[in-house]
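Below, chains carry the letters A, B, ... as their sequence lines are ordered, and counting in each starts from 1. It should be emphasised that the depicted structure is a prediction, and the values quoted were computed from it without experimental measurement. No hydrogens, no waters, no symmetry mates; every other heavy atom, side chains included, goes into these values.
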Amino acid sequence: MTHVEEKMLLSSLTSEFYSQTPPQGEAKVKRRRRKKARGDVDMEVKKRRLTDEQVKFLELNFGEEKKLESGRKMHLASELGLDPKQVSVWFQNRRARWKNKQMEEDYMKLKSMHDSVVVEKCHLENEVLKLKKRLEEAEELIKRISGGMGSSPSSSFSNNGVEGEADQLMYMSEYSYNGLMDWMCLYGV
DNA sequence: TTGTGTTTTATTGCCTCC
DNA sequence: GGAGGCAATAAAACACAA
């Protein structure tokens with residue numbers, strides 16, 4: 001019996017298994033196979049579990065080439081004493097398992113990358129918070145200093161001949177209180 | 001022993017390629 | 001149009017705790 005004849009026979013035997021046909025225009029929706037009734041002896045297909053040796057040999061071949069061309073299929077089938085159909089089914093299922101495993105590995109890699117990016121983001125956010133706090137402290141200090149001298153910060157800076165107030169502020173926030181003390185000594189504030 | 005979850009083998013329908 | 005691939009699914013076979 002050819003492959004096609006086999007398929008047609010199976011189709012005719014199983015067509016009655018379907019309770020519904022898909023609505024017009026929804027051909028892509030797969031019909032669900034009806035469960036095989038218990039005791040339906042005619043349709044009973046005994047599953048033959050492959051031996052360890054057979055599986056080992058198939059695994060070896062799968063490792064070499066994941067696809068199965070016709071010649072190799074026939075060769076493997078005769079070598080293992082299996083139906084060529086069983087060999088192709090085994091390869092089909094093995095490819096599906098392999099694909100799942102690959103996806104799982106890809107997922108784990110992406111997850112690990114994502115996790116490290118999240119940690120890095122957390123560190124950066126902490127750093128931003130620290131810097132903001134230092135900036136606030138520096139600004140507060142400047143306010144206090146300029147208030148004590150009875151003039152604006154800019155006038156006090158310019159009075160001492162210093163240019164680039166922004167640069168000075170950056171300097172202060174960078175080196176915090178000790179730096180500020182140095183700066184005050186330097187300009188005699 | 002039995003209920004339940006997992007794995008393996010097999011089937012089906014659809015799709016693509018030649 | 002046929003062969004072969006894939007996704008989805010069924011169901012047998014197996015593992016294992018209770």
Side-chain angles (χ1 to χ4, degrees), chain A residues 1-137 170 173-174:
Chain A
M1 192 187 290
T2 66
H3 177 66
V4 180
E5 286 169 337
E6 199 178 314
K7 257 194 159 177
M8 283 172 68
L9 177 62
L10 276 169
S11 260
S12 66
L13 282 170
T14 53
S15 59
E16 65 197 71
F17 273 48
Y18 299 93
S19 50
Q20 296 174 354
T21 50
Q24 289 282 333
E26 288 184 35
K28 284 191 175 179
V29 177
K30 288 194 174 184
R31 283 174 298 176
R32 203 181 176 84
R33 262 188 294 163
R34 212 192 74 180
K35 284 185 181 177
K36 192 165 60 184
R38 273 259 178 253
D40 198 345
V41 185
D42 285 349
M43 289 300 295
E44 206 81 39
V45 177
K46 276 279 163 239
K47 290 200 179 189
R48 292 157 292 177
R49 214 150 168 112
L50 305 183
T51 66
D52 289 350
E53 286 303 307
Q54 287 171 324
V55 171
K56 204 184 279 182
F57 196 69
L58 288 167
E59 286 287 357
L60 220 62
N61 274 270
F62 183 79
E64 286 171 13
E65 177 65 59
K66 298 192 170 27
K67 294 250 175 157
L68 188 64
E69 71 282 7
S70 186
R72 200 156 70 103
K73 176 170 71 181
M74 300 308 285
H75 176 253
L76 279 174
S78 69
E79 196 81 8
L80 295 167
L82 293 172
D83 188 331
K85 183 78 192 296
Q86 278 181 290
V87 176
S88 55
V89 164
W90 187 90
F91 265 75
Q92 183 57 59
N93 288 321
R94 187 64 183 81
R95 278 195 296 272
R97 288 201 296 272
W98 178 75
K99 193 179 170 188
N100 276 340
K101 203 177 171 207
Q102 287 295 113
M103 283 200 295
E104 209 171 292
E105 283 173 15
D106 288 348
Y107 168 77
M108 292 312 287
K109 277 182 204 161
L110 283 172
K111 190 176 182 303
S112 148
M113 283 165 68
H114 173 263
D115 288 350
S116 53
V117 167
V118 167
V119 168
E120 172 76 7
K121 180 174 175 270
C122 192
H123 284 151
L124 291 171
E125 280 172 351
N126 277 337
E127 193 64 23
V128 167
L129 284 177
K130 278 183 200 165
L131 291 172
K132 275 184 177 170
K133 196 171 175 234
R134 286 166 69 175
L135 183 61
E136 277 170 19
E137 285 169 2
M170 287 297 287
S173 64
E174 185 79 18

Query raised in the report: Closest nucleotide of DNA chain C for A/L68 versus for A/R48: which of these residues is on the 5' side?
Result: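 Nearest nucleotide further toward 5': that of A/L68.
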In whole Å, I'd like the distance from the [atom1] atom of [X] to the [atom2] atom of [N].
{"X": "A/M74", "N": "C/dG4", "atom1": "CE", "atom2": "P", "result": "10 Å"}
{"X": "A/E69", "N": "C/dG4", "atom1": "CD", "atom2": "P", "result": "11 Å"}
{"X": "A/K99", "N": "C/dG5", "atom1": "NZ", "atom2": "C1'", "result": "11 Å"}
{"X": "A/Q102", "N": "C/dC6", "atom1": "CD", "atom2": "P", "result": "14 Å"}
{"X": "A/L58", "N": "B/dA10", "atom1": "CG", "atom2": "P", "result": "11 Å"}
{"X": "A/L50", "N": "C/dC14", "atom1": "CG", "atom2": "P", "result": "11 Å"}
{"X": "A/R94", "N": "B/dA10", "atom1": "CZ", "atom2": "C1'", "result": "17 Å"}
{"X": "A/N93", "N": "C/dT9", "atom1": "CG", "atom2": "C1'", "result": "11 Å"}

Report task. Go through the steps for A/L82 and A/L50 under the test side chain to side chain contact (heavy atoms under 4.5 Å, CB included), then give the verdict. Result -> CA-CA 9 Å; A/L82 293 172; A/L50 305 183; 3.7 Å; yes
**Report entry** Residues A/E136 and A/K132 bridged, charged N to O under 4.0 Å
**Finding:**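 Result for this pair is no, no salt bridge flagged.
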Phosphate OP1/OP2 of [N] contacted by [X] side-chain N/O (<4.0 Å):
{"X": "A/W90", "N": "B/dT8", "answer": "no"}
{"X": "A/Q86", "N": "B/dT9", "answer": "no"}
{"X": "A/R95", "N": "C/dC6", "answer": "yes"}
{"X": "A/Q92", "N": "C/dC6", "answer": "yes"}

Report task. Ignoring the backbone of A/K73, work out which of B/dT9, C/dG4, B/dA10 is nearest its side chain. Result ->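 That would be C/dG4.
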Query raised in the report: What nucleotide, of C/dG4, C/dC6, B/dT11, holds the atom closest to the side chain of A/V89?
Result: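 Closest of the options to the side chain of A/V89: B/dT11.
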Requested in this report: Say whether, by atom type as modelled, one donor and one acceptor occur between the side chain of A/R94 and the main chain of A/K66 under 3.5 angstrom.
Outcome: no
Query raised in the report: With no hydrogens and no angle check, is any side-chain donor or acceptor of A/R48 less than 3.5 Å from a backbone partner on A/Q86?
Result: no
Query raised in the report: Would A/K56 and A/D52 count as a salt bridge (Lys or Arg N to Asp or Glu O under 4.0 Å) if you check the C-alpha gap in whole Å, the side-chain angles of each, and the deciding distance to 0.1 Å?
Result: CA-CA 6 Å; A/K56 204 184 279 182; A/D52 289 350; over 6 Å; no
